[in-house]
Amino acid sequence: PMRRDLLPSPSGPLRVTTDDDHVLRVELGARGGADRGRPSPLAREALLQLRDYFAGRRTSFTLPWRLDLTEFQQRVLGRVARIPWGTVLTYGEVAAEIGHPRAARAVGQALGANPLAVVIPCHRVIAGDGGLGGFGAGLRWKRALLALEGVEAGATPRKRATGRARG
């Protein structure tokens, strides 16, 4: 059965949706909609890892997740899932790395379909000119997530943060 749980974060509430075996969604800025009762073991682990991320104690996630998306979207999100903490790539770099160098716009659209905000860190993908580009939960969230990782808005691609957190 699916389960929805809420977690407060420094930038607003998060809703985590799980089934028995996978994290299905992480929604930023969620309002209401949590299930009553104790979270499942997987939901508790997801909430713990997200709390640690927001506290600066975690830089990556070890959660089982499932994506019900197109093959292209899954390739984009699979690549983005491996962008290290404190690093940014451009939409064009992601497109080139998955073998579609002219598909920067399609990469952006695939990122817009990301159901696992933060866990698959699409906030780490920026425009080629160093601008933020878009973000499904809004640019306030994108700025906050990048700042948490030590990346300033307008950072050059592949900038490494100097933070101390580790995952």
Side-chain angles (χ1 to χ4, degrees), residues 2-67 74 76-91 93-94 97 110-126 130 132-167:
M2 287 202 326
R3 167 137 192 107
R4 298 175 305 162
D5 293 284
L6 287 176
L7 168 72
S9 81
S11 295
L14 301 165
R15 182 174 33 240
V16 176
T17 304
T18 57
D19 65 14
D20 289 336
D21 302 313
H22 303 96
V23 177
L24 304 173
R25 295 189 72 75
V26 175
E27 301 168 77
L28 303 174
R31 301 273 184 243
D35 295 329
R36 294 181 186 265
R38 295 180 55 104
S40 69
L42 178 56
R44 279 195 304 273
E45 180 61 25
L47 294 168
L48 176 65
Q49 288 189 29
L50 285 160
R51 276 189 194 109
D52 285 350
Y53 170 83
F54 282 105
R57 295 185 301 262
R58 172 173 289 278
T59 61
S60 63
F61 296 90
T62 57
L63 299 166
W65 40 269
R66 186 180 78 220
L67 298 175
Q74 289 190 44
V76 169
L77 294 178
R79 172 59 188 101
V80 170
R82 296 187 314 274
I83 299 173
W85 185 87
T87 302
V88 293
L89 296 178
T90 67
Y91 297 100
E93 287 174 320
V94 172
E97 289 184 17
L111 295 177
N114 178 12
L116 297 169
V118 183
V119 174
I120 297 179
C122 57
H123 61 277
R124 296 178 186 153
V125 183
I126 62 172
L132 288 178
F135 194 63
L139 294 182
R140 179 180 66 84
W141 271 98
K142 189 168 189 172
R143 279 187 202 94
L145 293 169
L146 289 172
L148 177 69
E149 297 184 16
V151 178
E152 294 179 27
T156 56
R158 298 188 186 273
K159 177 185 180 308
R160 293 295 300 174
T162 58
R164 295 185 307 263
R166 293 291 165 249

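Numbering of residues begins at 1 and proceeds along the displayed sequence. FYI, side chains are in, hydrogens and waters are out, and symmetry mates aren't considered; it's all heavy atoms of this structure.
A30 approaches P13 most closely through the heavy-atom pair O-CG, 2.8 Å. Between L139 and G133, the shortest heavy-atom contact is CD2-O, 3.3 Å. Between W141 and G29, the closest heavy-atom pair is CZ2-N, 3.4 Å. Looking at every heavy atom in both residues, A81 comes nearest to P121 through CA-CD, 3.8 Å.
Note that CZ of R66 and OG1 of T18 are 11.0 Å apart. Values are rounded to the nearest 0.5 Å. Within the model, atoms CG of L6 and CG of L47 stand 9.0 Å from one another, a figure rounded to the nearest 0.5 Å. How far CZ of R3 is from CZ of R38: 10.0 Å, rounded to the nearest 0.5 Å. Here the CG-NE2 distance, from L116 to H22, works out to 11.0 Å after rounding to the nearest 0.5 Å. Residue L132 holds its CG atom at 13.5 Å from CZ of R140, rounded to the nearest 0.5 Å. To the nearest 0.5 Å, the span separating CD1 on I83 from CG on L89 amounts to 4.0 Å.
Residues L63 and E45 have side chains in contact (heavy-atom distance under 4.5 Å, counting atoms from C-beta outward). Two residues are said to be in side-chain contact when any heavy atoms from C-beta on lie closer than 4.5 Å; R25 and R4 fail this criterion. Here the side chains of V23 and L42 are in contact, with some heavy-atom distance below 4.5 Å. Side-chain contact between V151 and R124 is absent, with no heavy-atom pair separated by less than 4.5 Å. Between P84 and T59, the closest side-chain pair of non-hydrogen atoms is not below 4.5 Å. N114 has its side chain out of reach of V80: every pair of non-hydrogen atoms, C-beta onward, lies at least 4.5 Å apart. Proximity of F54 to L145: side-chain heavy atoms (C-beta onward) are separated by under 4.5 Å at one or more points. By the 4.5 Å heavy-atom criterion applied to side chains, W85 and S60 are not counted as neighbours.
Without hydrogens or angle criteria, Q49 side chain to R58 main chain gives no donor-acceptor distance under 3.5 Å.
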*Determine, stepwise, if the pair D35 / M2 fulfils side chain to side chain contact (heavy atoms under 4.5 Å, CB included).*
CA-CA 10 Å; D35 295 329; M2 287 202 326; over 6 Å; no
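Aromatic ring pairs are classed by plane angle as parallel below 30°, tilted from 30° to 60° and perpendicular above 60°; the pair F61 and Y53 is tilted.
Test I120, L77, L24 against W65 for side-chain contact (heavy atoms from CB on, under 4.5 Å) and you get one pass: I120.
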